[in-house]
Amino acid sequence: MKFIVDNWMLIAIALSSGGLLAWPLLRGVNTGSLSAQGAVHLINRQRAVVVDVSEPEEFAAGHATGSKNVPFKQLEEKLPSAVKNKSVPLLLMCTTGTRAQRAVATAKKLGYEQAQAVAGGLKSWKEANLPVEKA
């Protein structure tokens, strides 16, 4: 007990730094998001399909090379025809990753169990120096 009283500040620092290290793990649980490098890994190893849920104007301004455009508002009606194989990993992307996170729930409801959002969207894709094309 004397150790705890004498070293309360060190213990507080250790607990808070441990909490800060664990925060990304706790926050990321079940969000279905993936880093840009993780997305490339799935594309190369498991033939993942990239679907950009941005509006057509945003998609034309720039998108990940090889991605398909299915606007978020039309996801339920157009995703089954855009990606027929529901067993392949489905990577959802938008400009910042916000719409893609919401689109994961819709895709899973449609039967795409391996649907994940690319964290940070096209912005993080570009920051990782990954290929982008314009339509």
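Just so it is clear, the structure is predicted and the values come from calculations on it, not from any experiment.
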Is the backbone N or O of E55 less than 3.5 Å from a side-chain atom of E58, with the two atoms forming a donor-acceptor pair by type?
yes
Taking the side chain as C-beta and beyond, is there a heavy-atom pair between V49 and P89 under 4.5 Å?
-> no
inquiry  = Are L90 and L92 packed together at the side-chain level, in the sense that at least one heavy-atom pair is separated by less than 4.5 angstrom?
reply    = yes
Closest non-hydrogen atoms of V70 and A82, given as atom of the first, atom of the second and distance, are CG2-CB, 3.7 Å
Any donor-acceptor pair under 3.5 Å from S54 side chain to C94 backbone
no
L79 and A107 have their tightest heavy-atom pair at CD2-CB, 4.0 Å
Pairwise side-chain contact, K86 with E113, heavy-atom cut-off 4.5 Å (strictly under)
no
Value for OG1 (T106) from OH (Y112), rounded to nearest 0.5 Å, stands at 12.0 Å
For S67 and H63, indicate whether the former's side chain and the latter's backbone hold a donor-acceptor pair under 3.5 Å. no
(request) Consider only side-chain heavy atoms of I, L, V, M, F, W and Y, link residues closer than 4.5 Å, and tell whether L130 and V132 are in one cluster. (result) yes
Q) For the side chain of Q114 and the backbone of S87, is there at least one donor-acceptor N/O pair under 3.5 Å apart? A) yes
query = Is any side-chain heavy atom of P71 less than 4.5 Å from a side-chain heavy atom of F59?
reply = no
Can you tell me if T96 uses its side chain to pair, donor with acceptor, with the backbone of G120 under 3.5 Å?
no
Tightest non-hydrogen contact, residues S124 and V118, listed as OG-CG1, 4.4 Å
Here the pair of heavy atoms bringing A39 nearest to W125 is CB-CZ3, 4.0 Å
In terms of heavy-atom contacts, Q37 and A128 come closest through NE2-CB, 3.5 Å
Rounding to 0.5 Å, atoms CD (E77) and CG (L110) come to a distance of 10.5 Å
The reported gap from CG in D52 to CZ in R99 (rounded to nearest 0.5 angstrom) is 8.0 Å
Checklist entry - Do L10 and F3 share a hydrophobic cluster, counting only Ile, Leu, Val, Met, Phe, Trp and Tyr and linking them when any side-chain heavy atoms are less than 4.5 Å apart? => result no
Q | Candidate pair Q46 and H41, rule side chain to side chain contact (heavy atoms under 4.5 Å, CB included), full reasoning | A | CA-CA 8 Å; Q46 297 182 25; H41 179 75; 5.7 Å; no
To the nearest 0.5 Å, atom CG of L91 lies from atom CD of Q116 at 6.5 Å
Correct closest heavy-atom pair for A64 and M93 would be CB-SD, 3.9 Å
Rounded to the nearest 0.5 angstrom, the CZ-CG distance for F72 and L75 is 7.0 Å
Check: Under 3.5 Å, side chain of K84 to main-chain N/O of S81, donor-acceptor pair present?
Finding: yes
Taken to the nearest 0.5 Å, the spacing of S16 OG from I11 CD1 works out to 12.0 Å
